[in-house]
J.: 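Okay, here's the structure, questions in a sec.
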2 protein chains.
Amino acid sequence: MTGHLTDAVEDYLKTIYKLSCSRGRVGTGLIAETLGVTPASVTDMVQRLSGEDPPLLDYAKHQGVALTEGGRKAALETIRRHRLLELFLHQVLGYSWDQVHVEADRLEHVISEEFEERVAEVLGNPRRGLHGEPIPSPGLEMPDREDRYLLEMRPNQRGIVQEVNDDDPGLLRFLESQGIVPGAGFVVLDYSAYDDNLRLRLDGSEAEIVLGASITGQILVEIAEPQAGA
Amino acid sequence: MTGHLTDAVEDYLKTIYKLSCSRGRVGTGLIAETLGVTPASVTDMVQRLSGEDPPLLDYAKHQGVALTEGGRKAALETIRRHRLLELFLHQVLGYSWDQVHVEADRLEHVISEEFEERVAEVLGNPRRGLHGEPIPSPGLEMPDREDRYLLEMRPNQRGIVQEVNDDDPGLLRFLESQGIVPGAGFVVLDYSAYDDNLRLRLDGSEAEIVLGASITGQILVEIAEPQAGA
DNA sequence: ATCATATTTTAGGCTATTCTAATTTTTTGT
DNA sequence: ACAAAAAATTAGAATAGCCTAAAATATGAT
């Protein structure tokens, strides 16, 4: 078992994990932008982490970075803590949907195994986080996902909101006000390739909602059977 | 308002606060020993902290250190968080008496104002911590105390356990097993100046307990009216 | 008052993390 | 294929903490 990882290292691993879920290997530039540091800092850190005894990163100059198995486990550990903490902050301390992220981002580096276990127990060992994200199991298995971005859906498809990006409080508040929360079912009414707008209606709602690409790219959905009739 | 204080700075201030409660000004050696760093490191840090814009410490070479008003407030803020967290860990997450200290020591540097407030509310704005310590008010007022060390008590005095030093898990487990917890009433039966042993009996208990100086110096008590007779 | 012992401070270094500026490598458009 | 643009890397430096070893200062015992 690797000794203690610093906050910075955990942040790098978590970020690289998330980025490499969509794109495979990731460049230092993207990591830098996501983390809010310069590319030079990333190169530096990445070199250190790929030169450890059991390396956490797989890296060779100019070729983009990927996590090793050890790095992936460490990233999932941090992600598990983050998502448990978000749920905990909401359910036990009454934080709102959009407030939890920032606090969890600091606490995730500091809580003990013990704390994590107790929180999980108090919450009933949840599988999904506050924003619908899957929570890695205690053994750090991450469920395979079939989810797609809402952006990819086409007219007449039915779907269920699975997950909403947790790190933009303003967006979260807006989505909540529109009823777009994990579990919500909906039908896509229309899609405009011209401006990347998606018009949809939530189950049991009269109102239609129009969402642009910048929003629909942040929402993961499970696609249900296609709507009967055209 | 001072910007953000690092974990290390908060630890220094907290330690200096506690040490200067008993002794007035404290030397670098004592601080170093308490904090587990070298005296040289303390000198270094102390010089930085006393040279800030609003200084947190009052210091001049070879003369011992004291907190300024700003330093005192910062220390009390950390102490408030620590004590609220200990209570929270116990009452909400089921930590035991002797487990809370270490976890609180890490969390205290990381939680937000918001977190502190919500925890205080969930706990009902408590005035005393898990081990009986007074909790600074939200406005950082610290109640004046009349408490004495158990060590100072003499035969036939009655007392009530007020506070037990929180940072030694083994000692805490022992004291709990003996019924010596905040709120417990007792009578001092005997005191031996020779070996600094104190024999006492808890209210409603048949058994007598003998405690040595190293223990009785860690327990604060409120002295009640003297025992009738004898 | 003086010398031995204690404590405290200085000096010089190390690590982790970040930065800026300069350089190198890769990609891309033609 | 090759120049221009984009991306990544190196080099050099800063900061916060910490350390060890050496020097300075206090204390206190006779």
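Naming convention: chains lettered A, B, ... in sequence-line order (proteins, then strands); numbering from 1 in each chain.
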J.: Between A:Ser41 (side chain only) and A:Val37 (backbone N and O only), is there a donor and an acceptor less than 3.5 Å apart?
T.: no
J.: Salt bridge check, B:Lys73 against B:Glu77: does any charged N sit closer than 4.0 Å to a carboxylate O?
T.: no
J.: Would B:Tyr191 and B:Asp196 count as having a side-chain donor-acceptor pair, cut-off 3.5 Å?
T.: yes
J.: Apply the side-chain contact (heavy atoms from CB on, under 4.5 Å) test between B:Thr216 and each candidate in B:Leu200, B:Asn197, B:Leu151; give the one that qualifies.
T.: B:Leu151
J.: When the distance from CD of A:Glu33 to C1' of D:dA8 is rounded to whole Å, what number comes out?
T.: 15 Å
J.: Could you please name the partner base of C:dA22, counting Watson-Crick and G-U wobble pairs only when both distances are under 3.5 Å?
T.: D:dT9
J.: Just checking, is any N or O donor in the side chain of B:His82 or B:Glu86 under 3.5 Å from an acceptor N or O on the other one?
T.: yes
J.: So, the side chain of B:His90 versus the backbone of B:Ser96: is there a donor-acceptor pair under 3.5 Å, distance only?
T.: no
J.: Under a 90° cut-off about 0 for the syn range, is C:dA6 syn or anti?
T.: syn
J.: Please tell me if the side chains of B:Asp166 and B:Glu133 come closer than 4.5 Å, counting only heavy atoms from C-beta onward.
T.: yes
J.: Pull out every protein N or O sitting under 3.5 Å from an N or O of nucleotides 7-9 of chain C, one pair per line with the distance.
T.:
from: C:dT8; atom 1: OP2; to: B:Gly29; atom 2: N; distance (Å): 2.8
from: C:dT8; atom 1: O5'; to: B:Thr28; atom 2: OG1; distance (Å): 3.3
from: C:dT9; atom 1: OP1; to: B:Tyr59; atom 2: OH; distance (Å): 3.0
from: C:dT9; atom 1: OP1; to: B:His62; atom 2: N; distance (Å): 2.8
from: C:dT9; atom 1: OP2; to: B:Thr43; atom 2: OG1; distance (Å): 3.1

J.: Below 3.5 Å between N/O atoms, which protein atoms pair up with nucleotides 15-18 of chain D? Just atom names and distances, please.
T.:
from: D:dG17; atom 1: OP1; to: B:Thr6; atom 2: OG1; distance (Å): 2.1
from: D:dG17; atom 1: OP2; to: B:Arg48; atom 2: NH1; distance (Å): 2.4
from: D:dG17; atom 1: OP2; to: B:Arg48; atom 2: NH2; distance (Å): 2.9
from: D:dC18; atom 1: OP2; to: B:Tyr12; atom 2: OH; distance (Å): 3.1

J.: Parallel, tilted or perpendicular for B:His131 and B:Trp97, by the 30°/60° rule?
T.: tilted
J.: Could you identify the nucleotide paired to C:dG12, looking across every strand shown and requiring Watson-Crick or G-U wobble geometry with both distances under 3.5 Å?
T.: D:dC19
J.: Let me know the distance between CD1 of A:Ile31 and P of D:dA7, rounded to the nearest Å.
T.: 14 Å
